[in-house]
2 protein chains.
Amino acid sequence: MTKDLRGLADLDRAIHEPARLLIVTILSTVESADFLFLQREAGLTKGNLSAHLTKLEEAGYVEIKKTFKGKLPLTVCKLTKSGSKAFAQYRQQMVKFMSTTG
Amino acid sequence: MTKDLRGLADLDRAIHEPARLLIVTILSTVESADFLFLQREAGLTKGNLSAHLTKLEEAGYVEIKKTFKGKLPLTVCKLTKSGSKAFAQYRQQMVKFMSTTG
DNA sequence: TAAACTGGTTTGTAATACAAACTAGTTTGC
DNA sequence: GCAAACTAGTTTGTATTACAAACCAGTTTA
């Protein structure tokens, strides 16, 4: 397994951005997560989180379901199959390029 | 070694950007590199490379020496001590967060 | 019934990545 | 000898972005 460093230029930008990387990493550890949980966990402002979730949704990586908990809105997010795959590949690339052995 | 995922938000953005991550990774494999070598190796346009090198220099991560090879300009770049350290830490973080074990 | 709160989205703005256009000097062709 | 083409970069213009402040629709509290 050789490192063609140029592969670094092809990193998936939808995932690579730190805030989204954090969101996706969190989502990869749970079955699903609601908006406020993600906000607390990631430490993002609502506006910022909302924007990043929209990007991830547009990329097809996160599925967003709007429902209600009692009378209040509830936004539930989960990684799609495609999102899981993309994240797995991103991790593989990163570990490959960043590990010292090689 | 526990993963506090929030650490992902603190990734060094001077390094994290893909083009710069590529540049820094290349520089970490050589003692020094001139502008055109970096351009070929990284596959960046001159303008883009120039801008990224300036950023890395401003961050104190790359030292840029302008000299001449014969009569033509020669720009030689190398990682500073601080740059090497920052890159090592970046890699550590990334491997820590992206490895599946844990 | 108005004020404050909840769970978000939209909007404005500053920073960024990028390539095209430019610059300063050099070599080549005629 | 001088214009045209080339070298090695830098600066400038633009489109995209990340981000938080302002906003919004509905709900609870006073």
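In the text below, chain A, chain B and the rest are named by the order of the sequence lines, each starting its count at 1.
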Gap between atoms CG and P, on Leu11(B) and dA18(D) respectively (whole Å): 14 Å
Sugar-phosphate only, base, or nothing, as touched by Ala51(B) at under 4.0 Å among non-hydrogen atoms: nothing
Sugar-phosphate only, base, or nothing, as touched by Leu74(B) at under 4.0 Å among non-hydrogen atoms: sugar-phosphate
Beyond-backbone contact of Leu27(A) with Leu56(A), side-chain heavy atoms, under 4.5 angstrom: no
Heavy-atom check, side chain of Val62(A) versus side chain of Leu79(A), under 4.5 Å: yes
Distance test, side-chain N/O of Arg40(B) to OP1/OP2 of dA8(D), below 4.0 Å: no
Any Thr75(A) side-chain nitrogen or oxygen under 4.0 Å from OP1 or OP2 of dG7(C): no
Phosphate OP1/OP2 of dA18(D): any Lys55(A) side-chain N/O under 4.0 Å: yes
Sugar-phosphate, base or nothing in reach of Lys71(B), heavy atoms under 4.0 Å: sugar-phosphate
Residue mapping more 5' on DNA chain D - nearest nucleotide basis, Ile64(B) or Leu44(A): Ile64(B)
Candidate nucleotides dT10(D), dT9(C), dC19(D), ranked by approach to the side chain of His52(A) - the nearest: dC19(D)
Sugar-phosphate only, base, or nothing, as touched by Leu36(B) at under 4.0 Å among non-hydrogen atoms: sugar-phosphate
Length of the line joining Phe68(B):CZ and dA24(C):P, which is rounded to integer Å: 13 Å
Sugar-phosphate only, base, or nothing, as touched by Lys69(B) at under 4.0 Å among non-hydrogen atoms: nothing
Sugar-phosphate only, base, or nothing, as touched by Glu17(A) at under 4.0 Å among non-hydrogen atoms: sugar-phosphate
Euclidean distance, atom CG of residue Leu56(A) to atom C1' of dA18(D) [Å, nearest integer]: 13 Å
Residue Arg20(B), side-chain atoms from C-beta onward, closest of dA17(C), dA8(D), dT9(C): dA17(C)
Length of the line joining Asn48(B):CG and dT12(D):C1', which is rounded to integer Å: 14 Å
Side chain of Lys66(B) (C-beta onward), nearest among dT10(D), dC19(D), dT9(C): dT10(D)
Heavy-atom side-chain proximity of Leu74(B) to Lys65(B) below 4.5 angstrom: no
pair Ser82(B)-Tyr61(B): side-chain heavy atoms closer than 4.5 Å: yes
Separation of dT23(C) P from Phe35(B) CZ (nearest whole Å): 18 Å
Axial cation check for Phe87(A) ring with Arg91(A), 6.0 Å and 45° limits: yes
Atom pair distance, as rounded to whole Å: CD in Glu58(A) and P in dT9(C): 12 Å
Atom-to-atom span, CZ of Arg13(A) to P of dT17(D) - whole angstrom: 10 Å
Donor + acceptor pair across side chains of Asn48(B), His52(B) (<3.5 Å): yes
Euclidean distance, atom CZ of residue Phe37(B) to atom C1' of dG9(D) [Å, nearest integer]: 18 Å
